[in-house]
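Read the structure below first, then the notes.
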2 protein chains.
Amino acid sequence: MTRPVTSAERALTALRDLIMGGQLAPGARLGEVELADRLGVSRTPVREALSRLAAEGLVQVVPNRGARVATWTVAELEGVFDLRAVLEPRLTALAVPNVRPADVDELDALARQMLEVGSPGPGQDLDALVPLNRAFHDRLVALAGHPALAAALAAAIHPPIVRRNFLTYDEESLRRSLAHHGEIVAALSAGDPEWARAVMTSHIANARAVMVRAARLQTTATATPEEETA
Amino acid sequence: MTRPVTSAERALTALRDLIMGGQLAPGARLGEVELADRLGVSRTPVREALSRLAAEGLVQVVPNRGARVATWTVAELEGVFDLRAVLEPRLTALAVPNVRPADVDELDALARQMLEVGSPGPGQDLDALVPLNRAFHDRLVALAGHPALAAALAAAIHPPIVRRNFLTYDEESLRRSLAHHGEIVAALSAGDPEWARAVMTSHIANARAVMVRAARLQTTATATPEEETA
DNA sequence: CCTCGCTCGATTGCATGCAACGTAGGGGTG
DNA sequence: CACCCCTACGTTGCATGCAATCGAGCGAGG
């Protein structure tokens, strides 16, 4: 979207990417000076970024005790997907009347790209899926033209970090997920809100099953969320 | 809840109250030095507060051009109530199994107080309704035990500013609204999630009608959102 | 040996100073 | 007369310094 011009915004997006990308594990300490050095700015923009990330729910800040990457329980994760299961299908249905042919083409291109880099084989690149998936869903959010719903979704989704999604998908679930994207495009193209809603419902349910299973495994595997920074 | 201890938090809540209370009209300019003087702190905590309020959607910040109180259109306001109509009934139903007798008593007390200060007559004090109403709904949110839903709701509700709610209620709608609170308590006490959900749905629909009408009148009355600060 | 209190180091919170950007007004030119 | 540029002011963005707070480690007392 808009290129970050201020240092604070760069720090914000950089930190967000670092967290969403897994370089900063949940529970990891976020020292201001360390981050400032790492990002090549002073503490002020770092503080601002941390503040805003705290508002988004990605980090937890305790006064005089610093910031840590937010953690979440399996129950919270399930709650997030419950919510997505309510909001995203609605949003998708809302998008239908606003979709123009150019939008269909764009979404179709994204879906095809995801199919390309996501399909098993030599060209598989799961890391490339993350931005594509995000672009796809963001596009849908924009097409829905419903700022309040967008804000609610953003607030709900951020915490759980969607990143490990594609790294934890088993082959069958991933294939389903990729197929859903294409089917959503088809429903939009056909102008059928109920179809679109139904596919998105399936899409979220599928993702929910994968994520919850992965979270269960993770929490049982790593007893204590240690101070991993790298 | 937790008393704000840092200057930034005080500035945050002070600014939020100023905006929600109507002292800072939508579109009003928010100069850092002016606010700093007004709140008796330096610009740094003010900047932090503005940043977080921007993340909440209460103010809009444009780099190098300062912050203004966020404005919203009637369509956005309607969107917010659409969303509340989906989320709050669910939330209320979720709260039902978690409600303990003490909670019922507490909510009942709030509902009765609101009835007291809200009923027409010599003791009517509409300004007192705002914190009571907020306490009531916050209590419900807490009882639902669904952090993601709470976050989504908070993100969605903040922008439209609930304040003028009670100042714009006509007598009949206000009576209905106050009655709803009591009925919600009854539904919770009876342990009937469907009842609770239904009442909350009505509650939001009623509020929606009032707010949208008020917003229509307001926007047609004030052509341009002038630089009102007081 | 365990517990409590204290001091020191490290980190955060805030204020202030300086540089950069944006805006408004006036003068000059086409 | 209209338009453009250019200068000056006000404001924001960021860096840095200093005071306050927190936590760890150590020593004394029970």
Side-chain angles (χ1 to χ4, degrees), chain A residues 1-16 18-19 24-25 27-56 58-71 224-229, chain B residues 1-16 18-19 24-25 27-56 58-71 224-229:
Chain A
M1 304 288 179
T2 64
R3 268 272 152 250
V5 285
T6 71
S7 293
E9 283 177 16
R10 277 199 307 276
L12 180 66
T13 61
L15 265 180
R16 192 159 27 207
L18 243 42
I19 296 174
L24 261 42
R29 193 160 183 327
L30 298 171
E32 295 182 359
V33 287
E34 178 203 339
L35 292 175
D37 290 348
R38 192 163 175 173
L39 301 176
V41 295
S42 90
R43 283 173 46 217
T44 306
V46 171
R47 281 180 65 78
E48 183 168 340
L50 287 176
S51 222
R52 295 182 60 168
L53 287 174
E56 289 180 15
L58 265 183
V59 311
Q60 295 166 328
V61 176
V62 181
N64 289 321
R65 281 211 270 168
R68 310 186 84 90
V69 178
T71 60
T224 324
E226 289 302 328
E227 295 258 346
E228 313 166 32
T229 307
Chain B
M1 305 293 176
T2 64
R3 272 269 153 250
V5 286
T6 71
S7 293
E9 283 177 18
R10 276 199 306 276
L12 180 65
T13 61
L15 265 180
R16 194 162 23 210
L18 243 42
I19 296 174
L24 262 41
R29 188 162 159 42
L30 298 170
E32 295 181 359
V33 287
E34 178 201 339
L35 292 175
D37 291 348
R38 192 164 176 172
L39 301 176
V41 296
S42 90
R43 284 173 48 216
T44 306
V46 171
R47 281 181 64 79
E48 183 166 340
L50 287 175
S51 224
R52 296 181 60 167
L53 287 173
E56 290 180 15
L58 266 183
V59 311
Q60 295 167 329
V61 177
V62 181
N64 289 321
R65 279 211 273 172
R68 311 185 83 90
V69 179
T71 59
T224 324
E226 288 301 329
E227 295 258 345
E228 314 167 30
T229 309

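Proteins come first, then strands; the chains are lettered A, B, ... in the order of their sequence lines, and each starts at number 1.
Remark: B:A14 pairs with B:L39 by the side chain to side chain contact (heavy atoms under 4.5 Å, CB included) rule, at least two apart or across chains. The salt bridge (Lys or Arg N to Asp or Glu O under 4.0 Å) search around A:E48 returns B:R47, not counting sequence neighbours. Every residue meeting the side chain to side chain contact (heavy atoms under 4.5 Å, CB included) condition with A:V33, not counting sequence neighbours, appears here in chain and number order: A:R43.
A:R10 and A:S7 share a donor-acceptor pair across their side chains, judged by distance under 3.5 Å alone.
Pairing each heavy atom of A:E9 with each of B:P63, the nearest pair is OE2-CG, 3.6 Å. When all heavy atoms of A:A54 and A:V61 are compared, the closest pair comes out as CB-CG2, 3.8 Å. Closest of all the heavy-atom pairs between B:A55 and A:A55 is CB-CB, 3.8 Å.
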N/O contacts under 3.5 Å, protein versus nucleotides 9-11 of chain D?
unit_1	atom_1	unit_2	atom_2	d
D:dT11	O3'	B:R29	NH2	3.0

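Going from atom CG of B:L58 over to atom CZ of B:R52 covers 12.5 Å, rounded to the nearest 0.5 Å. The structure places CZ of A:R38 at 8.5 Å from CG of A:L15, a figure rounded to the nearest 0.5 Å.
Bounding nucleotides for the chain B contact on DNA chain C, 5' to 3', at a heavy-atom distance below 4.0 Å, are C:dC14 to C:dT23.
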Take A:V59 and A:R68 through the side chain to side chain contact (heavy atoms under 4.5 Å, CB included) test and state the conclusion after the steps.
CA-CA 6 Å; A:V59 311; A:R68 310 186 84 90; over 6 Å; no

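Using a 4.0 Å cut-off on heavy atoms, the residues of residues 39-47 of chain A that approach DNA chain D are A:V41, A:S42, A:R43, A:T44, A:P45, listed by number.
The residue among A:P63 and A:E48 whose nearest nucleotide of DNA chain D lies closer to the 5′ end is A:E48.
Looking at heavy-atom distances under 4.0 Å, B:L50 makes no contact with the nucleic acid at all.
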